[in-house]
Amino acid sequence: MRLKTFPGGVHPHDYKHYSASVPIEELPLPQKVIISLSQHIGSPSTPLVKVGDEVKAGQKIADASGFVSIPQHASISGKVSKIDIFPHPSGTPQLGIEISSDGSDNWVELADDPNYLELSPQEIRSRIAEAGICGMGGAGFPSVVKLSPPEDKPIDTVILNGVECEPYLTADYRLMLERASDVIAGLKILLKILNAPRGIIGIEANKPEAIALMQKLTADDSQISVAPLKLQYPQGAEKQLIYAITRRKVPAGGLPMAVGAVVENVGTAAAIYEAVRFRKPLVERITTVTGSIVQNPKNLKVRIGTPFYELVNFCGGITGDIGKIISGGPMMGVALPSLDAPVAKGCSGLVLLNTREARSIKERNCLRCARCVDVCPMNLMPSLIAQAVKGNNLDLAVQAGLDDCMKCGSCAYVCPAHIRIVQWIDTGKLRIAEQRASNK
Amino acid sequence: MGFFGQLFVMAVSAIFIQNFVLAKFLGLCPYLGVSKKLDSAFGMGMAVIFVMTVASAFTFLIDKYLLVANGLEYLRTLAFILTIAALVQFVEMVIQKNAPALYKSLGVYLPLITTNCAVLGVAILNVTPLPDGSTYNFLWATLNGFLSGVGFTFVLLAMAGIRERLELVDMPKSMRGFASGLILAGTMALAFYGFMGLKI
Amino acid sequence: MSFFKELTKGIIKENPTFVIVLGMCPTLATTTSVKNAIGMGIAATFVLICSNIMISLIKNITPDKIRIPVYVVVIAAFVSVVDMAMAAYLPDLHKSLGLFIPLIVVNCIILGRAEAFANKNNVLNSMADGIGMGLGFTLSLSVVATIRELLGNGTWLDMRILPQSYNPMLIAILAPGAFFTLGFLMAAINMLKEKR
Amino acid sequence: MKDKFIVSPAPHLHDRTSIPNVMWNVVIALLPALVFAVYYWGWRSLWLTLLGALSAVLTEALIQKLRKVPITISDGSAFLTGMLLSYNISANSPWWLPVLGAAFAIAVGKQVFGGLGNNPVNPALLGRAFLLASWPSLMTSGDTWIKTLSRPFSQASINGISNLDLIHQNLQTVAPKAYDLVTSATPLKVAQTLRDSSFVNTITSSDSLNSVISNNIFTSLFDLGTLQQLFWGNVGGCIGEVSVFALLLGAAYLLWKNIIEWRIPLFYIGTVFVLTFFLGGIKGTGYSLMLPFFHIFAGGLMLGAFFMATDYTTSPLTKKGRVIYAIGCGLMTVIIRLWGGYPEGVSYSILFMNVMTPLIDKITMPKAFGRIKK
Amino acid sequence: MKFYLKLGFILLAFCVVATAILAYVNSVTKPRIDELKRVAAQEAMAKLIPNAEFSDVVIHLPEGASTPDSLVYYIATAKADSTKILGYILSAEKHGYSSNVKTMAAIDTEFKLINIKVIEQAETPGLGANCSSDSFAERFKGLLPEKLLVDKDGGEVKAMTGATITTRAVTNSIRETIAIIRKDIESRANTLPEVEA
């Protein structure tokens with residue numbers, strides 16, 4: 001069978017062998033956690049605690065500050081020791097709440113509600129909102145917003161994103177293997193809220209065990225199916241995934257709901273299940289710690305807010321010089337200046353590259369080889385955008401597709417001249433934003 | 001050869017073989033001056049096509065019924081340039097009044113056309129005997145004006161396309177502007193050399 | 001003293017071809033040989049001087065509205081005179097310059113000088129400007145023609161300079177060569193300007 | 001320890017391609033043709049090729065040194081340009097021809113515009129056009145083409161005319177001068193001359209027997225023996241035109257290495273094939289499938305379609321654009337070959353389409369995924 | 001309105017003055033230009049056949065056969081003896097490589113080429129353009145019309161290196177023109193003495 005896919009894209013080596021076969025391990029309680037107030041897209045959460053307050057694990061310590069925002073919860077029990085600007089996995093330091101552990105892991109009370117599927121959609125939504133759930137694949141879009149489409153936009157397809165197309169990362173893969181039933185339960189909740197007739201779990205073809213398991217577990221469910229997808233980056237990008245599975249094109253600047261689809265990460269689905277059934281807030285996630293210089297690459301279940309160095313230490317430390325610390329996958333992740341940043345809700349992995357892997361090659365002139373044009377999943381002309389931004393011709397950059405770029409990095413990956421196309425596009429986006437702001 | 005056969009021959013010749021700019025060195029100032037941007041090149045090209053067509057028609061009639069008929073061939077230069085200047089002025093006024101949008105995009109180029117030697121050039125060539133001793137009639141003179149204008153616009157657009165691309169890259173300082181424009185013109189002239197000696 | 005200043009500026013400082021970049025068509029079309037170049041230069045110089053003088057004379061009686069048409073008439077008249085005179089007394093040169101003699105009318109140098117100089121200055125200075133610009137134009141044409149004739153034919157003013165065994169680089173006297181030669185001269189001048 | 005890490009924007013992975021990698025691979029792909037050229041025409045082919053490449057590299061280094069910019073000769077692009085330029089001249093050329101041509105190609109075709117990636121047209125082809133315009137007699141006249149050596153493949157034929165009896169017994173008596181031409185020029189030149197109406201007239205006007213002969217010569221150009229000749233090599237032509245086989249070998253390597261894309265060569269050669277099938281004959285010969293095969297095998301089409309039209313910098317960015325570009329190349333090639341003043345039109349047609357590339361790019365600018373087409 | 005009338009008058013005045021000047025210059029130069037043209041043609045012919053006087057003959061060609069419906073050639077008679085025909089001058093023309101090549105050719109009464117002169121051409125400099133040279137004319141001297149073919153076409157005219165097309169244009173145009181006027185001359189050969197008598 002020909003696997004489903006989208007036009008464009010690249011085929012990077014996946015490097016998943018480091019951690020793919022390592023079962024999820026739970027990281028011991030950290031000494032302290034830093035709960036960032038900006039772990040999602042939207043306005044930062046508003047703190048509810050002050051320095052010196054005692055908190056329990058799972059206690060809400062910051063509230064949503066608007067519709068597109070989420071509350072935050074303490075991931076360990078202890079004392080609020082600091083509210084300050086802390087390093088952040090996005091690279092830009094953000095306001096956060098530091099909690100020093102009291103070592104007891106004392107939780108707020110959770111209540112099992114086995115009849116959760118009989119709740120009204122409104123009730124389910126409020127439980128999801130209360131649990132502070134946002135997209136766990138990286139972007140961090142507040143889930144409840146996605147799950148509240150306007151009346152005139154009926155949703156007919158819910159897609160679970162188990163693609164994990166980023167090289168190195170295996171967190172979603174292990175989650176699908178070890179907590180498959182949670183994931184499916186989460187999907188059923190989504191179908192119920194949205195009153196959608198079908199749910200599809202998209203998984204890339206390099207995870208045959210996950211595909212087989214999911215197929216087995218959903219075999220007797222007529223609503224849910226599994227879609228094996230071609231190994232191709234960025235298969236997991238929302239618009240590409242929707243196109244690969246449904247052949248629908250999300251209009252530029254629009255949301256998936258415009259074509260009747262909602263996409264959630266498999267991890268998010270599992271978290272939604274826990275939130276709806278047990279009212280458990282999102283305070284832990286699976287994160288892959290990997291790379292050629294990590295002693296024992298692992299998939300870890302970690303409390304949100306645990307500093308990265310704890311993770312690395314638990315994996316046995318490093319075996320060589322670190323060249324680059326990447327929060328997220330190597331294609332779209334952020335290179336960090338240190339290991340001090342904490343795990344956030346969207347942190348799917350921590351990749352350490354050695355100095356050779358991280359070496360940067362000098363930018364040369366664009367050859368116009370058009371490889372970037374061929375691979376661009378958004379059908380843009382990346383080289384032209386980069387040149388236009390360099391040459392300060394923003395109109396041309398917009399014509400070539402500056403506004404539509406989602407920065408998947410496929411172009412820069414294949415560029416034989418090693419042009420930092422994504423960086424130029426970033427610069428262009430900043431400049432055009434300035435220009436538009438000043439025109440207003 | 002029928003009408004369309006002749007038309008085809010004339011078109012191929014005007015655009016590829018005997019291109020005004022690349023082979024006859026006419027209209028170089030706008031070719032080098034108004035080829036920095038495709039949009040403006042397009043505007044200029046359209047204006048030139050229009051003026052060359054109309055000027056060919058007018059000057060041909062003036063030459064035949066006013067000058068040659070009265071043995072006044074020596075007034076050609078004077079009569080033609082006045083006709084063209086007046087024509088350009090007139091066109092400018094008409095467009096300005098009746099098609100303000102078009103005027104906005106073409107207006108700036110119109111005065112420049114008076115001194116575009118391609119226009120005077122085609123007017124004079126139209127009334128000059130051809131190598132085989134014959135001369136154009138009114139229809140062919142007008143068509144010649146039109147097609148020569150198309151040939152001019154064609155290379156102007158190609159040039160503008162290349163220069164727009166070169167705007168984005170890092171050219172040596174001394175090569176910017178006219179210098180690289182001329183080298184590009186030479187390159188294009190060489191590229192058009194393949195059509196030399198084309199038998200159609 | 002200003003007469004002398006106006007006379008010399010056209011040669012280098014405000015050279016019409018290389019510095020002001022006007023009159024490209026004849027510069028490229030008539031420089032296949034030094035003889036043609038000088039002929040063209042002199043013809044243009046003559047028109048330039050005459051029209052400059054004439055325009056500076058009539059500048060006060062010409063209404064502003066019809067300034068350009070009047071100038072064009074003046075210039076066209078002188079060009080026609082040159083055309084006829086050349087046909088009568090220098091038939092060979094007239095033939096090889098061909099179409100480009102009547103086209104002096106639209107040579108931007110001449111109308112440009114009329115607009116930029118002659119209609120603001122007195123007769124004497126305008127004449128000096130005409131002579132200077134004309135000389136500058138002739139000089140530039142000769143420089144381009146020298147390179148082209150030498151490379152493309154091995155001769156200068158029809159005198160053989162390079163040895164018979166030199167296999168002439170024909171492109172120099174063809175259309176592309178004209179563009180390349182002028183382009184590189186421009187670049188050289190840009191480089192000199194930068195250094196200064 | 002903190003500040004040592006590299007903090008650069010994503011992506012943090014890169015595939016293994018690089019400019020030197022691409023350029024040197026093309027050089028490798030060109031080597032089989034050189035081997036064949038040396039085999040048929042002797043070591044001079046190699047020396048001329050090396051001279052061209054060396055001249056290109058030196059010119060590039062010199063200009064970059066004068067401009068005080070980094071010297072990039074190691075990326076192989078200048079070497080490649082020089083090599084391709086030399087492939088476009090006859091193995092009998094004087095030594096200074098590739099030297100001047102390559103220097104011109106690099107200086108005017110490339111460095112004037114700021115070097116690699118900025119050149120508006122293919123520098124090697126510009127160099128060739130420069131040589132052709134400057135020294136046409138050296139570049140085109142029959143005397144400079146090397147007469148074929150007696151190598152295994154050539155024993156039964158002379159420059160594409162494989163029916164020796166035909167030539168010796170008939171043509172020599174009918175038109176001795178024409179016989180000279182047939183034996184000294186490139187196959188395409190022969191085809192052009194034969195098609196030229198005045199030539200055909202001279203023979204056909206005398207009597208009907210001779211008209212049959214001229215038709216025979218024309219059709220024998222396209223028989224299987226000729227195609228074999230062209231395929232293996234050993235016909236008059238430029239160094240790089242030596243053998244279709246050698247060029248296809250290199251092309252296959254480039255396609256396998258994913259360095260060139262199939263669209264341009266396919267549509268280019270395809271267009272020439274289709275058009276020459278319908279338009280290539282002379283009066284009275286009718287259609288023949290040999291004719292288009294002759295046209296795609298003869299001359300520089302293989303070299304041009306696989307190695308020059310595919311030049312990244314001067315071909316369009318989009319797939320659609322590349323198809324338009326390739327069809328344009330094919331169309332121009334056929335027009336020049338059949339009606340032009342030159343027997344061969346490959347280089348000029350590519351140069352012409354290079355000039356058109358920015359316009360093609362402009363009209364084929366893609367609409368972003370999810371944007372509605374206007 | 002009055003203002004525009006005034007402008008019109010001024011412009012008109014300039015035109016009138018300019019026209020007057022040009023008319024004067026023209027009156028001076030025109031006779032000279034015409035004379036030059038005549039002399040040039042005479043000289044060209046005199047160069048081809050010295051010591052002769054020329055009289056023109058117009059042949060009317062059958063309609064529709066070719067674009068010009070008539071053709072002019074000149075009979076050259078000896079200056080000393082006007083009954084003695086030295087030869088004929090014809091002008092031939094054909095498209096060469098990049099331009100029309102116009103040639104003047106002189107043939108003797110046996111139709112053998114005495115000399116040729118290319119009068120007008122704009123062929124490639126250094127190649128086809130060399131057809132204006134005397135050495136090119138040498139290639140034609142003494143050839144009979146039957147041999148008037150470029151060597152590559154089986155004739156005896158040696159083609160210029162790299163400019164076969166130009167050579168062919170000159171050769172073929174002369175051959176074809178001779179073929180046309182030949183009939184006229186042959187029919188005239190019988191009648192001419194009678195006319196003179």
Side-chain angles (χ1 to χ4, degrees), chain A residues 7 10 12-13 91 167 239 243 249-252 254 321-326 330-338 351 353 358-361 364-371 373-374 377-381 383-384 399-401 403-404 407 409-410 412-418 420 422-423 426, chain D residues 1-23 25 69-70 72 75 77 110 113-120 258-261 263-264 310-322 357-358 361-362 364-372:
Chain A
V10 292
H13 190 286
K239 291 179 179 182
Y243 179 79
K249 282 188 179 177
V250 179
D321 282 343
I322 300 181
K324 222 183 228 185
I325 302 166
I326 303 162
M331 293 299 285
M332 287 183 78
V334 180
L336 296 178
S338 77
V351 181
L353 299 181
R359 80 185 190 285
S360 71
I361 296 169
R364 292 178 190 248
N365 279 358
C366 172
L367 262 187
R368 289 175 38 93
C369 67
R371 272 161 211 248
V373 180
D374 292 348
M378 293 304 285
N379 208 17
L380 315 176
M381 296 177 115
S383 62
L384 196 58
Q399 255 181 53
D403 290 336
D404 296 292
K407 301 195 276 185
S410 301
Y413 173 77
V414 293
C415 181
H418 296 92
R420 322 267 186 266
V422 179
Q423 189 181 353
D426 263 338
Chain D
M1 171 163 171
K2 261 188 185 175
D3 304 318
K4 232 173 59 184
F5 312 133
I6 297 159
V7 182
S8 65
H12 310 289
L13 278 187
H14 197 281
D15 72 0
R16 255 169 277 160
T17 52
S18 65
I19 291 177
N21 178 304
V22 168
M23 296 295 167
N25 264 319
V69 293
T72 59
D75 67 14
S77 65
K110 186 172 162 195
F113 303 103
L116 188 62
N118 299 352
N119 46 305
N258 238 336
I259 285 172
I260 59 172
E261 203 223 16
R263 276 186 186 78
I264 292 177
T310 50
D311 172 37
Y312 291 149
T313 308
T314 54
S315 57
L317 289 170
T318 60
K319 288 174 179 143
K320 203 162 89 191
R322 277 175 239 155
T357 292
D361 270 344
K362 202 88 191 172
T364 57
M365 180 99 81
K367 280 273 168 288
F369 181 90
R371 290 232 176 227
I372 293 129

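These numbers come from a predicted model, not from an experiment. Chain letters run A, B, ... following the sequence lines, proteins first and then strands; every chain starts at 1.
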Measure distances from A:Val334 to the heavy atoms of chain D and classify the residue's part below 4.5 Å as side chain, backbone, both or neither.
-> backbone
Would you mind checking which part of A:Pro377 comes under 4.5 Å of any heavy atom in chain D, side chain (CB onward), backbone (N, CA, C, O), both or neither?
-> backbone
Which atom of A:His418 lies closest to which atom of D:Ser18, heavy atoms considered = CE1-CB, 3.7 Å
Minimum side-chain heavy-atom gap A:Met381-D:Thr318 below 4.5 Å | yes
Would D:Asp15 and A:Arg371 pass as an ion pair if we require N to O under 4.0 Å?
-> no
Between A:Asp374 and chain D, which part of the residue has a heavy atom less than 4.5 Å away: side chain, backbone, both or neither?
-> both
A:Asn379 side chain to D:Pro366 main-chain N or O, any donor-acceptor pair under 3.5 Å?
-> no
For the residue pair A:Ala412 and D:Pro11, what are the closest heavy atoms and their distance?
-> CB-CD, 3.5 Å
Using non-hydrogen atoms and a 4.5 Å limit, figure out which bit of D:Ser315 sits close to chain A: side chain, backbone, both or neither.
-> backbone
Contacting region of A:Ser383 [heavy-atom separation from chain D under 4.5 Å] = side chain
Side chain from CB out, backbone as N, CA, C, O: work out which of these in A:Arg364 comes under 4.5 Å of a heavy atom of chain D, or both, or neither.
-> side chain
Answer yes or no: is there a donor N or O on one side and an acceptor on the other, between the side chain of D:His14 and the main chain of A:Ser360, under 3.5 Å?
-> no
With the side chain counted from C-beta on, respond yes when A:Gln399 and D:Lys362 share a heavy-atom pair under 4.5 Å apart, and no when they do not.
-> yes
Could you tell me which of A:Val422, A:Val373, A:Val414, A:Leu380 has the largest number of non-hydrogen atom pairs under 4.5 Å with chain D?
-> A:Val414
Gap between atom CG of D:Leu13 and atom CE of A:Met331 - 0.5 Å precision = 6.5 Å
Donor-acceptor pair, side chain of D:Thr313 and main chain of A:Leu367, under 3.5 angstrom = yes
Count the heavy-atom pairs under 4.5 Å between each of A:Lys249, A:Arg359, A:Lys324, A:Lys239 and chain D, then report the option with the highest count.
-> A:Lys324
Between chain A and each of D:Pro316, D:Gly117, D:Gly115, D:Ala368, count heavy-atom pairs under 4.5 Å; write down the option with the most.
-> D:Ala368
Region of A:Ile361 in contact with chain D, defined by heavy-atom distances below 4.5 Å | neither
Smallest separation among heavy atoms of A:Gly333 and D:His12, with atom names = O-NE2, 2.9 Å
Check each atom of D:Arg322 against the heavy atoms of chain A and say whether the ones under 4.5 Å are side chain, backbone, both or neither.
-> side chain
Heavy-atom proximity to chain D below 4.5 Å, by part of A:Cys366 | backbone
Interatomic distance, CG@A:Leu384 vs CG@D:Asp361, rounded to 0.5 Å, equals 7.5 Å
For D:Asp311, is it the side chain, the backbone, both or neither that has a heavy atom under 4.5 Å from a heavy atom of chain A?
-> neither
